[in-house]
Structures are given as C-alpha cells and as structure tokens.
Amino acid sequence: MATSVPSSLRTRGLSALWLLLLLLPAALATYSIGVGRADCTGPIADIVFMGYAKIEQKGNGLHLRTFSRAFIIDDGVERFVFVSVDSAMICHDIRQEVLRKLRLQFDDMYTERNVMISGTHTHSSPGGFMLDVLFDLTTFGFVRESFNAVVNGITKSIERAHNAVAPGKIFITHGQVLDANINRSPQAYRNNPQSERDKYEYDVDKILTQVKFIGADDKPMGAINWFAVHPTSMNNTNRLVSSDNVGYASILFEKMMNDNGATGKGSFVGAFASTNLGDVSPNTRGPKCEFSGKNCTDQYTCPGEKEMCFASGPGKDMFESTSIIAHKLYEESLRLWRSGEATEVIGPVRVVHQYVDMPKQSAKYYNHTTGQIEEVQGCVPAMGYSFAAGTTDGPGSFAFEQGTTTPNPFWNAVRNFLAAPTKDDIRCHGAKPILLATGRMKLPYQWQPSIVSTQVAVIGNVVIAGVPGEFTTMSGRRLREAIKNVTNDAPDDRTSVIVAGLCNVYSDYITTPEEYQIQRYEGASTIYGPHTLTIYLRQYRELVQAAIQQKPVPSGPSPPELLQKYLITLVPPVLYDTPKWGHNFGDCVQQPSKVASPGDTITATFASGHPRNNLMTEMTFLTVEKLGNDEVWIPVATDADWETKFQWTRTSMILGSSQVTITWKIPQDVKPGEYRIRHNGYYRYILGGVYPYYGVTNHFQVEVPT
Ligand SMILES: *[C@@H]1O[C@H](CO)[C@@H](O)[C@H](O)[C@H]1NC(C)=O
Ligand SMILES: *[C@@H]1O[C@H](CO)[C@@H](O)[C@H](O)[C@H]1NC(C)=O
Ligand SMILES: *[C@@H]1O[C@H](CO)[C@@H](O)[C@H](O)[C@H]1NC(C)=O
Ligand SMILES: *[C@@H]1O[C@H](CO)[C@@H](O)[C@H](O)[C@H]1NC(C)=O
C-alpha cells in the first residue's frame, strides 16, 4: 500500500456507536423517500459540446434528451438529496443557483450541506454552463441557455422528488459487469505498487452497485446504479445531443419499470451515476490507428502524418457501441433489481459538507520507495502538457503526446505570455511539466477552482462520498478503503462505500501519486499536484469520522461566485428565421416512403426555425404518431427516444432559413397501421418575437410481416 495510517491515528471507540446504530428500533427501517426526474436538455444546435474540448463539435440536433434525476432520503431528523444529472459535470455556480431557487420555496430545507449533485459526465451535451475560464474556452464563453437548462432541470427534479416524498425502504446490492469497460491509461495504473495491484483481478472496477427504493406499499420507487465508465461511447465526431451509454441505460431501465411508458416520463426513476471513472473507457476494442487499424505506438501515436490513435468498440459505429454498453448495464441492473439478494439499509442519515482550499492543504504520505512518512502539500492549480494530448477516447488537436514529462520552450513561451508558474509551482507539481498555470491565471476571472466541495452522506451502513472530480480506478479504491478503515470497527464488515463522481464542483482528475509520475492525460489533469489524492484521503476520513460522531464540521472558505462577474459570451443569438423559398415553416419538403416495415428507417424533412428559439423542455421537436381506431393520432415516439433522431441544418445563413431531418428506425415490436411524423418548433420573426409552428408528413403504412 502506498498510503498508510499509523495505528495511533486510527479512530477508536466507534464500536459502541455502531452497535447502537444496529440496535435501533425497527421503526427506523422506514425512511421518507422521494424521487423525481426532469428534462434538462440545453440548446441542441450551434453550441459546442462539453467534454472533448473540440471546437468543431458543435451540436446540430438531438438523439437522446438529457435528464436530471433526484432522490430524497429522510430519516425524520436529517434529509439527504442525491442528484444525478446527464451533464458533463457541475460547477459551483450551478449548485448555488439551484439552492437559491429551492430556498424561495422550501426555506432552509435544502442547503450546501445536504444536497449532492453528481454529473454523469456525458460528453455530448451543449457546453458553456461552466463558469471557470478554462472550461468555457472551447465553447466561446458562457452560454446562458445551457446554464439555465441544467439549473432548471435539477431544480425541477428536486421539487418533484420533494412533492413525492412517502414512506419507503432502502436496499443495497452489488453485481458485476464484465466487457463494458477498459483502462485507457494502463501504464499509469501499472505504476501502482505490485502488492496493491495483486489485490484486484482487473485494472478497472467491474462492480455495479445498486441502491433501490421501495415504497411502504412495496411499490418500486427508484434506483441509483453506480458503474465506473466514461460516457464516451459517442465520440468527438458526434453532433447530436445525447446522454450516452449511462443515459440510455437509465432510459431502458425506467421504460421497463414504468410499464413501457413514454421515455422520460413515469413515476419510477432510475439513475446510472458516475463514480471512479477517471481512467475508464467504454471503448472496449481499445486504441487503434485510424486508417491502418493497427496497434498504436507505446505513446499512443500512429506513424502517418495525420493519423489519429483512438479507441472504439464494441459496436460497428458509435451508436451501436453506446447501445451495447447501455444494454450490458441495464441487464445487470435489472437482474439485481429482481434478484432479491439485496440487503436492507437501516440506520440514521447523516450528511457533512466542507469547502476545502486545496493549495493550502497538507497531509501525511507514506513513500514506498523511501519507507518514510512525508509531509506533503497541495499545489496551486496547473495543467500538464499531456492534458493537451487528449485521451484515446478523444485525441487532442495539437501535436502533444501523453506521457510528456519534459517541457518544450515554444509552448512555455506561449504559456508565460498567459501566466508563468512560480518556482514553487514547478517544484510542487513535480513530474508534471506545466502547460497552463491555471491557478495563476486571473484574467478575466478564475480559470480553475482552488476551493472544492467535499461531502459525505452516511445512511445506515452505506457511505456516499461525493468527490469534486474524476477519481481514477485505484484512487477510488484507496478512497473506499480509507473510509472503510474509519468505519470497520462495526460488528460486521457490511459497510458499503460508494464514490459519487463529479459532485458539486469540477476540479478535473485525481490520480494516485504513483500514476501521477507517468503523466498520462489523467495525471497531467490532476490539478493540485501529485498529492491531490493524499489530501483527499485525509479529508474524507475526517468527514466520515465527523458524520459518525455527529461532530459539527466548519463550512470552510466559500468559493467565489463567478455568475456575478462580467462573463464573456461570444455565442451569437439567433437573429431571425425565414422559411425556405416558396414554403412555410413546418412544410414537409421531403415525404417519407409510403410503406415501411420493422427495421426500416423512415426519413422526413421539414422547413424549420432555429431549435434554439425554444428548447421544448419536457416537450418534443418530433412525434411519431399512429392512427388509432377512433381516428385519433396517438404518439408512439418522441425526440427523447433511441429510435428517433432530429437533425438541424441552416440552409442559408443570410436568409436564416433552415430545415430539420427526422428519422425513425422502426422497432421490431411495432404495431402495424397508419403512421405520420409531426414536427413542432418555433421561428424568430425578423421584426421580433418567437412564434410556434408545426407540420406533419403524409400518412404512411407500417406493415408487419406475419
Ligand atoms: C496489439 O495489441 C494487443 C493488445 O495489447 C496485443 O495483444 C497484440 O498482440 C498486438 N498486435 C500486434 C500486431 O502487435
Ligand atoms: C467516431 O465514430 C465513427 C463511427 O460511428 C467513426 O467513423 C469515427 O472514425 C470515430 N472517430 C473518432 C475520433 O473516434
Ligand atoms: C487501511 O488500513 C490498513 C490496515 O491498518 C492499512 O494497511 C491501509 O493502508 C489503510 N488504507 C488506507 C487507504 O488508508
Ligand atoms: C518518494 O521518494 C522518492 C525519493 O525521495 C521521490 O523521488 C519520489 O518522488 C517520492 N514519491 C512521491 C509520490 O512523492
């Protein structure tokens, strides 16, 4: 083990408390539970996606709507809110804005202390919702519409959970999903001590943890599943908004539990939340050279001039890969749900939260090489060279290579123009050659946070540690073990520790100090230096101790609220729309084929307005309708469904005319009959105002062979 806690530091005297917890009256086995879901889809066109940092990856349509899913757990004394949102991550201002809105309705019921918001980390949703300069660099600054969509969706999901609170029980169970994830930085992982690696069968976690919520009347209420995988099955060439593999797994699970009801509706709420996914890729075929299909070099480069090295699979294209990974997660979660293996969660709810100024922290580190315990420090944020190389899930745009530990004078000159790191910074970051001294960059405002949110919820013998970034596999394992070391005085060792990823604030990656030495993308993006994890291990141990012992935790230094600054926005608004020459908005300019069968893809094109005129939140840009017996059109699919795609094109910049192409892949279980496709949208009139329009296709026949 690389980190060690001298036994004198170990907590003692917790056994009595744990015994007490387990002997609590059976009445406490019932919690008040509420679940809620809300649409948080941002502007689907013209906004660069958040995740791959690729300027060309601007949205031009919609495949899967994104949702926020909220879960409230209350033991009568304490209330905890967990939110999993289909978003690349969350920033401090988003959470503050959500809390501000909740305060108007519910006073002090929802606070920084008891609300934990975790991003699923999809890389296919519109960006610009982050405030820190670095994270908005590739989205042309702050995008108010993206920010509002995420804030409103999260708020609404919590409101709905609040209004649904009813007595219920909680269960926990663990399963396994093989063949759905690989390590994308195995050479960094291999730098962890052999003795530690020997304790694990795989170089990524294969565990799927499920927490289930069942009403007092035995009615299924919801579930949160945690599985470590990047939602990067959709790659950086995708331009349709999507919640990716984990989002689709949620849709499948919810559809099943809600009797095959409409996607994104229904009372059962099922989340697939992020955990220690830092170095974990869903692209199970592994990295290959783009054209030759051959293995990449050890440095993940390819011989050709412009040939990229990237990972893909397991499907033939990114859509199929997304679906395969989603189905694997969904099938295991359903098996767990039905298995009856789950253990009931019993005991009080306790939540603690603290802001921590990372560069000011120190901790004790047991250095394996020297056998000494060293006092180590956090560093002022900085990004290393390998950050610019990107990953094999999404290679970067410049000629940077991962694993770079020596600087280059040209890039250092560019860097120094922005802000030069101090001598102390260079020493503090150790193996990392500094590309961007983000912590020293103050213009026009903060580039990356120094103050992070740390939070722990204890629910009976389940501990949820909400972490402000992407822990790698081994970092997550160490954190779980460190927390177990605090709780393992319990009479039985049934404590489950869950690392909830990307919570509340985003501070990039957290590798182990050993992985950090290799400086792959994750190490280069571990912004507080080699001992970021060492500090977190101490911090979370202290938080868990405080939660168990019911000791108050000081709130810590408040992070700056950037929303109050003059934010830079370079994304132009929609000025006006005009329909295609000789048409009206909503005219179907290309009709679908008259007859179709299961497996076919139906295509229709309409004259349209700009989809940014109205995000159609909790509504739909498209509806597939079937003619019912009494001549009424019944919706069978919307823009939130996997089978449909909605793609927008500006056909003339100057005239402001555009069109949308809608496709529907007819599912195998389709009912035969007469169908049509509807498009709903809004156009912006040149003299001002935004107005609704709609259009429908001709009817077409779906025939099902007998
Ligand atoms: C390519 O890489 C894989 C996985 O590391 C290895 O098993 C295989 O032998 C390599 N193939 C060649 C031709 O080097
Ligand atoms: C993304 O996936 C598509 C297939 O869906 C493939 O053609 C393309 O090469 C991939 N690109 C990258 C950078 O992964
Ligand atoms: C947990 O405790 C064991 C035994 O005291 C120790 O060897 C290990 O290093 C500790 N792990 C962490 C992450 O603190
Ligand atoms: C452990 O100590 C060695 C020797 O002083 C040093 O080179 C190494 O960087 C230290 N490891 C870490 C992770 O700080």
Side-chain angles (χ1 to χ4, degrees), residues 1-12 14 182-193 195-200 203 276 281 283-289 292-300 302-303 309 311-313 362-379 392 405 426-432 463 465 467 471-490 493 495 497 499 510-519 523 526 528-545:
M1 280 301 308
T3 44
S4 103
V5 199
S7 59
S8 60
L9 290 182
R10 292 260 319 277
T11 354
R12 288 175 202 284
L14 291 179
I182 60 167
N183 195 306
R184 69 184 190 191
S185 289
Q187 50 283 77
Y189 178 88
R190 282 196 294 271
N191 208 40
N192 291 311
S195 57
E196 182 183 36
R197 282 182 287 130
D198 286 348
K199 293 195 290 184
Y200 302 97
D203 62 2
N276 53 331
S281 165
N283 298 310
T284 52
R285 206 177 293 136
K288 294 275 182 283
C289 289
S292 67
K294 293 203 176 115
N295 283 356
C296 308
T297 65
D298 288 346
Q299 287 311 315
Y300 291 83
C302 292
C309 166
S312 62
S362 59
K364 290 201 164 46
Y365 172 71
Y366 173 77
N367 187 324
H368 239 260
T369 322
T370 60
Q372 303 281 315
I373 292 181
E374 299 166 4
E375 177 86 5
V376 297
Q377 309 288 332
C379 313
T392 47
T405 50
I426 293 169
R427 189 190 42 76
C428 188
H429 284 275
K432 176 200 289 170
V463 180
V467 298
F471 275 52
T472 60
T473 302
M474 199 59 101
S475 295
R477 287 169 177 169
R478 282 188 199 170
L479 181 61
R480 293 200 299 257
E481 187 180 291
I483 291 175
K484 271 208 164 191
N485 276 358
V486 177
T487 60
N488 72 3
D489 284 353
D493 189 24
T495 305
V497 182
V499 176
I510 299 92
T511 63
T512 68
E514 296 82 356
E515 289 163 354
Y516 184 90
Q517 306 305 318
I518 307 299
Q519 283 296 300
T526 294
Y528 308 114
H531 289 292
T532 307
L533 176 64
T534 317
I535 293 164
Y536 283 134
L537 294 183
R538 171 182 60 66
Q539 172 66 13
Y540 282 87
R541 242 180 333 240
E542 287 172 7
L543 286 187
V544 173
Q545 270 164 15

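All values below come from the heavy atoms of this structure, side chains included, with hydrogens, waters and symmetry mates left out. Atoms within each ligand, like the ligands themselves, are counted from 1 in listed order.
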Sub-4.0 Å heavy-atom contact, Q372 with ligand 4: no
Atoms in ligand 3 flagged as close to A482, the criterion being non-hydrogen separation under 4.0 Å: 12 (C), 13 (C), 14 (O)
For T370, the ligand 4 atoms whose distance to one of its heavy atoms is below 4.0 Å: 2 (O), 4 (C), 5 (O)
Side chain S281, main chain R184, donor-acceptor under 3.5 Å: no
Part of K484 within contact of ligand 3 (heavy atoms, under 4.0 Å): neither
Distance filter under 4.0 Å to N485 heavy atoms, resulting ligand 3 atoms: 1 (C), 2 (O), 3 (C), 8 (C), 10 (C), 11 (N), 12 (C), 14 (O)
Basic-acidic side-chain contact under 4.0 Å: K364, E375: yes
Any side-chain heavy-atom pair of Y366 and H368 under 4.5 Å: yes
Protein heavy-atom partner closest to atom 1 (C) of ligand 4 - residue, atom, separation in Å: N367 ND2, 1.4 Å
Atom 3 (C) of ligand 1 [closest protein heavy-atom partner, distance rounded to 0.1 Å]: N295 ND2, 3.6 Å
Contact partition for E514 relative to ligand 4, non-hydrogen atoms under 4.0 Å: neither
4.0 Å protein heavy-atom contact status of atom 12 (C) of ligand 1, strictly under: yes
Within-cutoff protein neighbour (heavy atom, under 4.0 Å) for atom 9 (O) of ligand 1: no
Whether over 12 other heavy atoms sit under 6.0 Å from D298 CG: no
Heavy-atom gap Q517 to ligand 4 smaller than 4.0 Å: yes
Check SG atoms, C289 and C296, less than 2.5 Å apart: no
Per-atom contact, atom 5 (O) of ligand 1, protein heavy atoms, under 4.0 angstrom: no
Salt-bridge contact E481-K199 (side-chain N to carboxylate O under 4.0 Å): yes
Closest approach of G529 to K432 (non-hydrogen atoms, all atoms of both residues): N-NZ, 4.4 Å
Proximal candidate to atom 14 (O) of ligand 3 [heavy atom criterion; set E196, R538, R541]: R541
N/O donor-acceptor pair under 3.5 Å between S312 side chain and N283 backbone: no
Any donor-acceptor N/O pair, N191 side chain to E514 backbone, under 3.5 Å: yes
Sub-4.0 Å atoms of ligand 4 with respect to non-hydrogen atoms of P513: 13 (C)
Carboxylate-amine/guanidinium contact R478 E515, below 4.0 Å: no
Heavy atom of Y516, distance to ligand 4 below 4.0 Å: no
Ligand 3 atoms in contact with R478 (distance to a heavy atom under 4.0 Å): 13 (C)
